[in-house]
Q: 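Once you've had a glance at the structure underneath, I'll fire off some questions.
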Amino acid sequence: MRHTAILSRAVAVAVGAAGALGLYTVGSASPDESTERLWASATIRNADGATVGRLTIVGRDRGVVTVQAHGLTPGFHGLHLHSTGICDPKTTDPNGNRVPFLSAGPHLGAGQHGQHAGDLPLLLVGQDGTGSAQVRTDRLTGGALFDADGTAVIVHAGPDNYANIPTRYSSGASPGPDAATSATGDSGGRFACGVLTRY
């Protein structure tokens with residue numbers, strides 16, 4: 001009987017501590033379930049159609065964006081949300097050149113690169129071809145992500161400099177980043193793409 005009472009008190013203390021620390025067991029609800037549940041996801045595929053990763057967004061307003069990837073070249077890769085939810089690997093530019101995933105449009109949001117709502121931290125890929133990135137952001141809204149033409153995530157072939165080119169550097173006669181850098185951060189081609197699905 002004494003052991004049962006001691007065990008009961010221990011369980012009560014453990015449950016109280018878990019609540020105080022914000023820890024939740026399987027099957028319990030967080031204090032704000034409406035903002036912390038899975039909000040969106042995307043399966044990321046390369047131009048050959050092979051799955052190379054997945055993106056999830058948990059929560060709204062200050063959602064947590066997580067990307068896990070494999071089958072990529074080692075090093076840093078630009079990672080952005082683009083304004084159109086179409087991942088066509090056979091799209092062409094106005095000159096007829098094939099540009100995979102050009103269909104996804106520009107980066108989500110207005111302003112210079114680095115200020116776009118869809119600009120995400122770099123994805124660092126290890127020697128085994130795998131990498132992951134996670135960030136909490138308040139830049140994303142349902143109206144922007146899930147408008148009439150949707151949203152796509154793009155993994156770029158190269159690293160992103162976020163147009164962080166000080167004015168002491170110049171492109172021709174103009175100091176700072178040129179137009180291409182200001183638009184995309186020189187992150188190279190669009191290696192893989194995924195369309196966001198809302199939950």
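Sequence positions, counted from 1, serve as the residue numbers for this chain.
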Q: Can you check whether Thr84's main-chain N or O pairs, donor with acceptor, with Thr151's side chain at less than 3.5 Å?
A: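 No; zero donor-acceptor contacts below 3.5 Å.
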
Q: Above 12 or not: heavy atoms from other molecules or residues under 6.0 Å from OH of Tyr169?
A: no

Q: Look up atom CZ in Phe76 and atom CG in Leu122, then write down how far apart they are to the nearest 0.5 Å.
A: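 Going from the CZ atom of Phe76 to the CG atom of Leu122 covers 6.0 Å.
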
Q: Should Ser182 and Gln112 count as side-chain neighbours, where that means a heavy-atom distance under 4.5 Å?
A: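 A side-chain contact exists here, since the closest heavy-atom pair is under 4.5 Å.
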
Q: About how many Å separate CZ of Arg190 and SG of Cys87, when rounded to the nearest 0.5 Å?
A: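 Rounded to the nearest 0.5 Å, the SG-CZ separation comes out at 10.0 Å.
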
Q: Report whether Ile154 and Ile86 are members of the same hydrophobic cluster (ILVMFWY, side-chain heavy atoms less than 4.5 Å apart, transitive linking).
A: no

Q: Tell me if the aromatic rings of His156 and His82 count as close, with their centers under 6.0 Å from one another.
A: yes

Q: Taking the side chain as every heavy atom from C-beta outward, state whether Leu81 and Asp119 have any atom pair closer than 4.5 Å.
A: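 Leu81 vs Asp119: side chains apart.
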
Q: Can you hop from Leu102 to Leu79 via hydrophobic side chains spaced under 4.5 Å?
A: no

Q: Quick check: closest heavy atoms across Leu120 and Tyr162, and the distance to 0.1 Å?
A: O-OH, 2.8 Å

Q: Please check if Val155 and Leu108 belong to a single hydrophobic cluster, counting links between Ile, Leu, Val, Met, Phe, Trp and Tyr side chain heavy atoms closer than 4.5 Å.
A: yes

Q: Is there side-chain contact between Ile57 and Val64, with at least one heavy-atom pair below 4.5 Å?
A: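 Side chain of Ile57 against side chain of Val64, heavy atoms only: no contact under 4.5 Å found.
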
Q: Listed by chain and number, what are the side-chain contact (heavy atoms from CB on, under 4.5 Å) partners of Thr181, not counting sequence neighbours?
A: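 Partners of Thr181 by the side-chain contact (heavy atoms from CB on, under 4.5 Å) criterion, ordered by chain and then number, come out as Asn161, Ala163, Ile165, Pro177, Asp178, Asp186.
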
Q: Return the minimal non-hydrogen interatomic distance between Tyr199 and Leu38, and the atom names on each side.
A: CB-O, 3.5 Å

Q: Which value, rounded to the nearest 0.5 Å, describes the distance between His80 atom NE2 and His113 atom NE2?
A: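 The distance works out to 4.0 Å.
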
Q: Would you kindly confirm whether Trp39 and Val195 end up in one hydrophobic cluster when ILVMFWY residues are joined by side chain heavy atoms under 4.5 Å apart?
A: no

Q: Does a donor on one side chain sit under 3.5 Å from an acceptor on the other, for Asp160 and His77?
A: no

Q: Grab the two heavy atoms, one from Pro89 and one from Arg98, that are nearest each other, plus how far apart they are.
A: O-NE, 3.0 Å

Q: Hydrophobic cluster membership, with links at side-chain heavy-atom distances under 4.5 Å among I/L/V/M/F/W/Y: are Val153 and Val65 in one?
A: yes

Q: With a 4.5 Å cut-off on side-chain heavy atoms, are Thr73 and Val125 touching?
A: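 The answer is no, as the side chains (C-beta and beyond) never meet within the 4.5 Å cut-off.
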
Q: Compile the donor-acceptor pairs under 3.5 Å between side chains in residues 42-55 and protein atoms, sequence neighbours left out, one pair per line.
A:
unit_1 : atom_1 : unit_2 : atom_2 : d
Asn46  : OD1    : Asp48  : N      : 2.9
Asn46  : OD1    : Gly49  : N      : 3.1
Asn46  : OD1    : Ala50  : N      : 3.0

Q: Extract all donor-acceptor atom pairs below 3.5 Å that involve side chains of residues 129-146 and protein atoms in other chains or at least two apart in sequence.
A:
unit_1 : atom_1 : unit_2 : atom_2 : d
Thr130 : OG1    : Asp128 : OD1    : 2.9
Thr130 : OG1    : Asp128 : OD2    : 3.1
Gln134 : NE2    : Thr66  : OG1    : 2.7
Arg136 : NH1    : Arg62  : O      : 2.5
Thr137 : OG1    : Arg139 : N      : 3.0
Arg139 : NH1    : His116 : O      : 2.7
Arg139 : NH2    : Gly114 : O      : 3.4
Thr141 : OG1    : Ala144 : N      : 3.2

Q: Is the backbone of Gly176 close enough, under 3.5 Å, to the side chain of Arg168 for a donor and an acceptor to pair up by distance?
A: no

